[in-house]
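The next block holds one structure in the form of structure tokens; read it before the comments.
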Amino acid sequence: MSASDPIDTNRLSRCTSALILHTAELARLGQTPATSSNFSMRLDALRAVITVSGRDKGRLGPEDFMVVDFDGQAVGSERRSSAETGLHTQLYRRFPEVGCVLHTHSRNQTVASRLFAEPGRLRLEGYELLKAFAGNQTHETAIELPILRNSQDIPALAAQVERLLDAGPLWGYLIEGHGLYAWGQDIAEARRHLDAFEFLIGCELDLIRLGAAR
Ligand SMILES: [Zn+2]
């Protein structure tokens, strides 16, 4: 199979429709301010569909998506994908089971990524919702959400992510002053992970605002 082979257009339109639905919801929730954020789904063993950068994520149409190979290069299009495409495609390349990557910029995510930038991780412990992460059977556990320094050097960021994945398991990570990446085997699981992170990050910030000891 080659990345220039014909694309399954039924799968492409199903993926695009699902992404339009979820991005509109996330936009309404305030998680994609000012045309930020990007979203993708795996099409097959070599390609993914991803949002074109710079579009209002609350009003996407089928024309606001493009196909890329797992090196982040456009397939069948002159468009340029988002600079961050490499952070999506590295997950598809590494994990055949990853089917969807969601990247948002909510206020909670952005604030927490700065507040916890120095330890470089946000520890989430004792929450029932930890069971939302695939493979976690109990709330009697802790997970560490890593926080990477922001950089426009996407290959360097991707290399840091690879090291985190080596140490795995991992369901997502924050980038400082930027936002969250979350993924899953399909869009439902990726969304569940993203929603769980958003909720738990919000809880941690509320505990701090309320003066609870950490
Ligand atoms: Zn971003």
Side-chain angles (χ1 to χ4, degrees), residues 19 21-40 51 57-58 82 84 87-88 90-91 95 98 100-151 154 157-158 160-161 163-165 167-214:
L19 286 165
L21 185 77
H22 281 268
T23 52
E25 282 180 8
L26 291 165
R28 278 197 294 278
L29 292 167
Q31 296 198 35
T32 68
T35 78
S36 68
S37 311
N38 38 66
F39 304 90
S40 70
T51 42
K57 302 305 184 296
S82 156
E84 293 177 55
L87 299 177
H88 291 246
Q90 77 174 137
L91 292 160
F95 299 114
V98 168
C100 180
V101 181
L102 303 174
H103 167 51
T104 48
H105 287 219
S106 79
R107 182 183 290 251
N108 279 344
Q109 293 156 17
T110 307
V111 170
S113 72
R114 297 191 66 174
L115 201 56
F116 296 95
E118 189 37 57
R121 66 191 109 78
L122 172 55
R123 187 174 173 83
L124 302 167
E125 185 170 18
Y127 290 104
E128 178 68 18
L129 211 62
L130 290 171
K131 290 195 281 193
F133 297 107
N136 271 355
Q137 308 294 342
T138 170
H139 69 279
E140 293 173 337
T141 185
I143 70 168
E144 305 230 320
L145 178 61
I147 302 167
L148 301 169
R149 294 259 175 234
N150 201 9
S151 166
I154 299 301
L157 260 179
Q160 291 179 52
V161 174
R163 287 195 287 279
L164 292 171
L165 294 169
L170 203 65
W171 299 269
Y173 58 85
L174 285 169
I175 304 177
E176 182 184 356
H178 184 162
L180 175 75
Y181 273 82
W183 56 88
Q185 63 181 357
D186 53 27
I187 197 165
E189 186 176 273
R191 180 67 191 273
R192 192 177 81 227
H193 292 163
L194 184 145
D195 287 350
F197 278 129
E198 173 65 15
F199 177 85
L200 294 170
I201 290 167
C203 288
E204 290 291 308
L205 293 177
D206 279 350
L207 286 170
I208 292 168
R209 287 190 195 102
L210 292 166
R214 282 190 48 80

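Start at 1 with the first residue, then count along the sequence. Side chains are part of it too, since the values below use all heavy atoms of this structure and drop only hydrogens, waters and symmetry mates.
Minimum interatomic distance between I154 and E84 (heavy atoms only, all atoms of both residues): CD1-CG, 4.1 Å. The two atoms that bring A182 and A190 nearest to each other are CB-O, 4.3 Å, heavy atoms only. In this structure, R123 and A142 approach most closely via the heavy-atom pair NH2-CB, 3.5 Å. The minimum heavy-atom distance linking L170 with P146 is given by the pair CD1-CG, 3.6 Å. Contact detail for S113 and G177: the closest heavy-atom pair is OG-N, 2.7 Å. Considering all non-hydrogen atoms of both residues, E198 and S106 come closest at OE1-OG, 2.7 Å.
Note on D195 versus R192: no salt bridge recorded, every NZ/NE/NH1/NH2 to OD/OE distance being 4.0 Å or above.
Under the side-chain contact (heavy atoms from CB on, under 4.5 Å) test applied with I175, the options I147, V161, L87, T110 reduce to a single match, L87. The one candidate from Y127, W183, F133, W171 that meets the ring-ring contact (aromatic ring centres under 6.0 Å, His included) condition with F197 is F133.
Going from atom SG of C100 over to atom CG of L19 covers 6.0 Å, rounded to the nearest 0.5 Å. Note: H103 NE2 to H178 NE2 = 3.0 Å, rounded to the nearest 0.5 Å. If you take CG on L124 and OG1 on T141, they are separated by 10.5 Å, rounding to the nearest 0.5 Å. Between the NE2 atom of H88 and the CG atom of L102 there is a distance of 8.5 Å, given to the nearest 0.5 Å. Note that the CG atom of L200 and the CD1 atom of I143 stand 7.5 Å from one another [nearest 0.5 Å]. Taken to the nearest 0.5 Å, the OH atom of Y181 stands 9.5 Å off from the OG1 atom of T104.
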For the pair T51 and K57, evaluate side-chain contact (heavy atoms from CB on, under 4.5 Å) and give the outcome as yes or no after the intermediate values. CA-CA 9 Å; T51 42; K57 302 305 184 296; 4.1 Å; yes
Passes side-chain contact (heavy atoms from CB on, under 4.5 Å), T32 versus T23? Steps please.
CA-CA 8 Å; T32 68; T23 52; 5.8 Å; no
side-chain contact (heavy atoms from CB on, under 4.5 Å), that's the test. Do L21 and I187 meet it? Break it down for me.
CA-CA 11 Å; L21 185 77; I187 197 165; over 6 Å; no
Exercise for the section: Step by step, work out the side-chain hydrogen bond (donor to acceptor under 3.5 Å, both in side chains) result for Q160 and Y173. Expected result: CA-CA 11 Å; Q160 291 179 52; Y173 58 85; over 6 Å; no
Would you sort out whether F116 and L174 count as a side-chain contact (heavy atoms from CB on, under 4.5 Å), showing the intermediate values? CA-CA 10 Å; F116 296 95; L174 285 169; over 6 Å; no
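Residue-environment remark: CZ (F95) exceeds the threshold of 12 foreign heavy atoms within 6.0 Å.
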